[in-house]
Structures are given as structure tokens and as C-alpha cells.
Amino acid sequence: MAPRGHHLAEVALLASASADLAAAGAGEREGWLDDPAVLPSLGPRARALAVASAARSVLVIVPLAGGGGGGVTVKPALGPDEGRISAVEWVPLAGEDDAEGDEGVAVAVGTDAGWLLFYSLAGDLLHKQSIYPAKILKLNFRERKENAWEDSGSDELSAVFPGVIARFDGADLQSILKKTFQDVKSRLWKDKFEEQDAEDEETFGRIPFQIWNVSKFSSCAEAAIVGLMPPPLLEFQSSQRHYCAITVGEDAVVSAYRLSEDRSRSIVGAILSRGVAATFSTISSLSKILWRSEPSPPKKSRPKPQSFAKTSPLTCLKDSPRKGERLTLSPSGTLAAITDSLGRILLLDTHALVAVRLWKGYRDASCLFVEMLLNKDKASSRSMHIEYTKSDYCLCLAIHAPRKGIIEVWKMRTGSRVLTIPCPKGSRILQPSARLSTLSLSSSYSPLEVYLFNGDSGQLSVLNRHVG
């Protein structure tokens with residue numbers, strides 16, 4: 001049996017932030033973090049924690065430096081047709097050297113009516129945009145610096161809907177949000193709209209995105225874009241990009257699709273996004289000056305949904321009454337861990353689209369990939385001044401089994417269980433959305449880490465990367 005021991009190191013104790021987290025339901029009852037309506041998300045390099053309550057439609061942002069004090073509570077001014085908070089994710093906007101400040105990251109918030117909003121660490125609204133008229137099930141930001149697929153592309157933010165997935169290119173996100181950060185910083189933007197937090201999206205312009213229908217086999221409960229893939233064999237070889245997407249759902253445990261990029265839409269969207277915001281802002285300001293006594297025009301209706309780009313179904317696995325529930329990707333995107341309604345965990349090779357491993361007896365489990373130093377003798381013999389490289393780490397899968405009250409760590413792909421850690425009830429495993437190490441001038445490698453957040457005690461701990 002795998003050894004047991006003290007393998008968690010405390011990172012922060014959020015007791016001082018209890019007043020802030022109370023807005024999201026903290027402290028109301030034991031095990032409040034087990035509520036699926038509570039949505040925690042850990043910021044890049046674990047420097048801040050965002051906790052949203054879908055039931056209350058409230059977002060709490062807590063910096064982790066200094067014990068987690070000085071949190072910000074945001075209550076988005078959403079209209080009846082704009083829904084309530086349903087997903088939260090962190091989006092890094094700068095390199096590691098700039099990530100310390102407020103301009104380094106933004107918090108993305110999705111609603112159950114298909115709206116996407118971005119907030120700064122100070123709680124300022126940076127951007128608001130309608131994506132698709134359905135519930136955003138999940139937001140997922142992924143770095144592509146280590147992707148094993150050839151020409152892995154740029155960073156991206158994906159938004160998952162029932163049977164639909166949308167993709168925002170990281171460069172487009174940075175272009176729009178960095179400019180908005182500067183406007184907020186100079187107070188010109190905030191002063192102009194401080195009384196109207198719920199402005200329509202034309203106030204901010206539009207960030208171009210691609211959107212696909214992935215409901216051929218099943219209306220997905222979760223999905224992810226795993227990377228670029230080659231075009232069909234008989235298709236003309238052009239500069240058009242194709243992505244591989246994996247979905248899980250009720251009718252099909254797992255499905256795979258080829259997503260074709262509509263480059264003409266991306267180019268037009270990029271041009272419009274840079275011109276619409278400035279043009280609309282100028283016209284709006286002039287109209288207020290010339291017609292101050294005139295009543296404000298009626299609120300514009302929601303923009304028409306963007307048409308879907310081409311989707312080609314590849315394969316699916318149907319095994320009724322088994323239903324796919326959760327999906328998590330390895331850093332390279334070549335492995336996916338999928339949990340289902342029968343307590344099984346499937347390890348999928350996303351390149352070959354074949355199952356390589358199966359675990360049983362893990363109902364309500366959640367999984368995250370982690371990189372560990374498995375050779376304890378090697379780790380202890382090294383000087384503390386010598387930094388580890390990527391080759392020193394081994395990819396593992398951390399499985400949180402709340403019914404068993406443990407976290408297990410398994411070596412990939414077919415290795416043994418290397419660690420078992422007891423964990424209290426009311427806890428969740430979390431992972432920063434980005435490591436930012438690839439943007440740093442430092443030669444040190446930042447491994448993929450897993451954190452354990454105990455909602456009742458407020459303790460945030462990191463899994464020790466050294467395992468003997």
C-alpha cells in the first residue's frame with residue numbers, strides 16, 4: 001500500500017478573510033464548499049483566490065499574500081435576461097514579472113444566460129460580451145507553451161455550453177483587456193460609466209471568437225479543446241487550422257470532434273473589435289452633449305448569436321446508463337482524465353483517441369494532473385541552490401475521492417499509486433489556471449502543482465512535490 005504521511009504544506013490561512021468569503025456562503029454550515037453552486041478558482045501562481053456563488057450571483061476575490069486579507073466583493077449588475085454567475089476562471093494578461101500587480105490578471109465570469117464578463121483584482125468591470133444564449137457550464141484558460149501537438153498555437157480561453165464550445169485566442173484577449181486596464185487606471189473609463197455597470201457590450205467592443213456545435217453524439221456536460229490536429233486526408237491543404245475537442249455527457253460518455261477554424265470570421269472580428277468600441281464611445285459622448293435634455297434611447301436587444309463554424313464528429317463511446325461527468329487535461333493536452341456516474345475514471349489518449357487506463361470505485365471524484373519528484377534520494381542529495389528541470393519531474397494524476405476522504409496520486413500512464421493522503425470533508429482540490437514560467441527569463445522550471453482548499457478551516461495547502 002502507498003505510504004501515508006504529512007505531504008501538504010500550508011500556503012495561506014483565510015480566517016482573516018472569512019468576512020469576505022461569507023458573501024459567497026462561507027461559515028453558514030459545515031461543508032459549505034461541497035455545494036456545487038459554490039465556484040472556487042485559484043489564480044496564477046496561487047497569488048489570489050476567487051470564490052463565486054451561483055445562487056447569490058456574487059464574486060469574492062481574495063489576495064493570498066498576508067493571510068488573505070483585503071478581499072473584494074463584486075455583485076455584477078446583471079439584468080433579468082443576462083442571468084446569474086455560473087462559471088469563474090482566471091486569465092493571465094502579462095508575463096511572470098508583471099503578474100504581481102493588478103494588471104497581470106483578470107477574472108472571467110460566465111453567466112447562465114451566456115454572457116462573459118471580465119473583472120480586475122480591484123473589482124472593476126473590464127469587459128462584457130454576449131457569447132451564446134445558453135448556460136456557460138465552464139470557463140477554461142490553457143497555456144499552449146508545452147503542448148506536445150505540432151504547432152500548438154497560442155494561449156486560449158474556452159467557454160463550454162450544453163452542446164456548444166467557444167474559443168477566444170489569448171492574443172485577442174490581451175489586446176482588448178490590457179487597453180481597458182489602462183483606461184480604468186486613468187479613471188477616464190470608470191468615471192464615464194460608474195453609474196452604469198450593466199452597459200451593453202457595444203460599450204466595450206467585441207473580442208473575436210470561434211464557436212462550434214459539438215452535440216452530434218450528446219449534449220455535453222463538459223468539454224475541452226485539447227490542441228491542434230491535422231486536416232482530413234482528402235481535404236485541401238490550406239492555412240486553415242483544425243482543433244481537436246473532447247466532450248463528456250449523458251448519451252455519450254466521451255466524444256471527439258474536429259473543429260475547423262473560420263479564419264475569415266476571425267479577421268473581420270479582429271478589425272471590428274478594434275473599431276467599434278472607440279466609435280461607439282465617441283458617438284455616445286457627443287450625443288450626451290448635444291441632446292442632454294432628450295430621454296435616453298431604449299436599451300438595445302441582445303446581439304444575434306454568431307453562426308457555428310464547421311464541426312466534424314470523429315468518434316464516441318456510448319455505454320448506457322454510464323454518463324460522463326468531469327474532464328481534465330494534462331499540460332500537453334495529450335491525456336484526459338474523465339469521471340463518470342458509475343464511479344469510474346477513464347484515462348484517454350487524446351492523440352490516438354484510445355483509452356489507456358481505467359479506475360473503479362471513485363464516485364463523485366475529481367481529478368487534476370500534477371508533476372512530482374518521485375526520486376527522494378536524488379532530491380535530498382541535490383544542493384538547494386541547484387534548480388530542478390522538467391526532466392526531473394514525473395507526470396501523475398491526483399484523484400480526490402471525497403467519499404473515501406483521501407487524495408491518491410498515480411504515476412502516468414500505467415504506473416503504480418505513489419501516494420495516499422487523508423483529507424477532511426468540505427475540501428476541494430484546485431489548480432492555478434497558468435504557471436507563467438515560460439514567459440520568465442529565469443531558467444527554473446515551475447512544475448504543475450495541486451492545492452487543497454479546506455472551506456471550513458480556511459486553510460489552503462499545496463501538495464508536496466517530493467515523494468520517496
Side-chain angles (χ1 to χ4, degrees), residues 10-43 46-64 66-80 82-90 105-113 115-123 125 135-140 197-198 221-222 325-326 364-366 368 400 402-403 405 407 423-433 450-461:
E10 182 178 307
V11 174
L13 186 61
L14 304 184
S16 60
S18 58
D20 299 310
L21 292 178
E28 287 192 350
R29 61 178 178 83
E30 187 177 356
W32 66 275
L33 198 57
D34 291 333
D35 186 349
V38 176
L39 310 169
S41 180
L42 195 59
R47 290 175 177 153
L49 176 71
V51 181
S53 170
R56 303 165 186 244
S57 200
V58 171
L59 171 68
V60 179
I61 304 172
V62 181
L64 298 181
V72 175
T73 300
V74 180
K75 295 183 178 180
L78 298 169
E82 295 172 339
R84 304 173 72 85
I85 295 177
S86 61
V88 178
E89 177 64 304
W90 289 84
V105 291
V107 182
V109 174
T111 76
D112 56 15
W115 286 82
L116 182 62
L117 302 89
F118 293 88
Y119 289 92
S120 68
L121 287 179
L125 179 63
K135 180 179 181 179
I136 296 181
L137 301 174
K138 187 176 181 180
L139 294 170
N140 184 31
D197 181 60
E222 194 164 329
E325 293 183 340
R326 297 185 181 93
D364 302 326
S366 57
L368 289 173
H400 178 211
R403 294 196 179 191
I407 296 175
C423 66
K425 293 182 179 180
S427 300
R428 286 202 198 182
I429 54 173
L430 304 174
Q431 197 163 64
S433 59
V450 167
Y451 293 76
L452 179 67
F453 180 38
N454 185 340
D456 295 330
S457 68
Q459 185 180 47
L460 180 69
S461 305

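Within the 4.5 Å cutoff, side-chain heavy atoms of Leu78 are placed close to those of Thr111. The closest side-chain heavy-atom distance from Tyr119 to Leu125 is below 4.5 Å. Two residues are said to be in side-chain contact when any heavy atoms from C-beta on lie closer than 4.5 Å; Ser41 and Leu49 fail this criterion. The shortest distance between side-chain heavy atoms of Leu42 and Trp90 does not fall below 4.5 Å. Contact check for Val11 versus Tyr451: side-chain heavy atoms found under the 4.5 Å cut-off. Between Phe453 and Leu14, the closest side-chain pair of non-hydrogen atoms falls below 4.5 Å. Side-chain contact check for Trp32 versus Asp456: some heavy-atom pair is nearer than 4.5 Å.
In this structure, Asp112 contributes its side chain and Arg84 its backbone to a donor-acceptor pair below 3.5 Å. Of the possible polar contacts, none joining the Arg428 side chain to the Leu452 backbone as a donor-acceptor pair under 3.5 Å is found. Between the Ser86 side chain and the Ile136 main chain, a donor and an acceptor come within less than 3.5 Å of each other.
The nearest pair of heavy atoms linking Pro76 to Ser57 is CD-O, 3.5 Å. Closest approach of Val74 and Gly123 over heavy atoms only: CG2-CA, 3.7 Å. Heavy atoms only, all atoms of each residue included: Ala365 and Pro402 are closest at CA-CD, 4.1 Å. Of all the heavy atoms in Gly83 and Ala113, the pair that sits closest is N-CB, 3.7 Å.
Taking the salt bridge (Lys or Arg N to Asp or Glu O under 4.0 Å) definition, one finds that Lys138 meets it with Glu222, sequence neighbours left out. Annotation: salt bridge (Lys or Arg N to Asp or Glu O under 4.0 Å) contacts of Arg29 (sequence neighbours excluded): none.
Interatomic distance, OG of Ser461 versus CG of Leu13, reported as 9.0 Å (0.5 Å rounding). Here Asn140 contributes atom CG and Glu89 contributes atom CD; the two are 6.0 Å apart, rounded to the nearest 0.5 Å. A distance of 11.0 Å separates CG in Leu121 from CZ in Arg47, rounded to the nearest 0.5 Å. Taking CD1 of Ile407 as the start and OG of Ser366 as the end, the distance is 8.0 Å to the nearest 0.5 Å. The structure places SG of Cys423 at 3.5 Å from NE2 of His400, a figure rounded to the nearest 0.5 Å.
Partner Thr73 forms a side-chain contact (heavy atoms from CB on, under 4.5 Å) with one of Val60, Leu59, Val62, Ile61 and no other, that one being Val60.
In this structure, Arg403 pairs ionically with Asp364, as a charged nitrogen and a carboxylate oxygen lie closer than 4.0 Å.
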Ile429/Gln431 under side chain to side chain contact (heavy atoms under 4.5 Å, CB included): CA gap, chis, key distance, verdict:
CA-CA 7 Å; Ile429 54 173; Gln431 197 163 64; over 6 Å; no
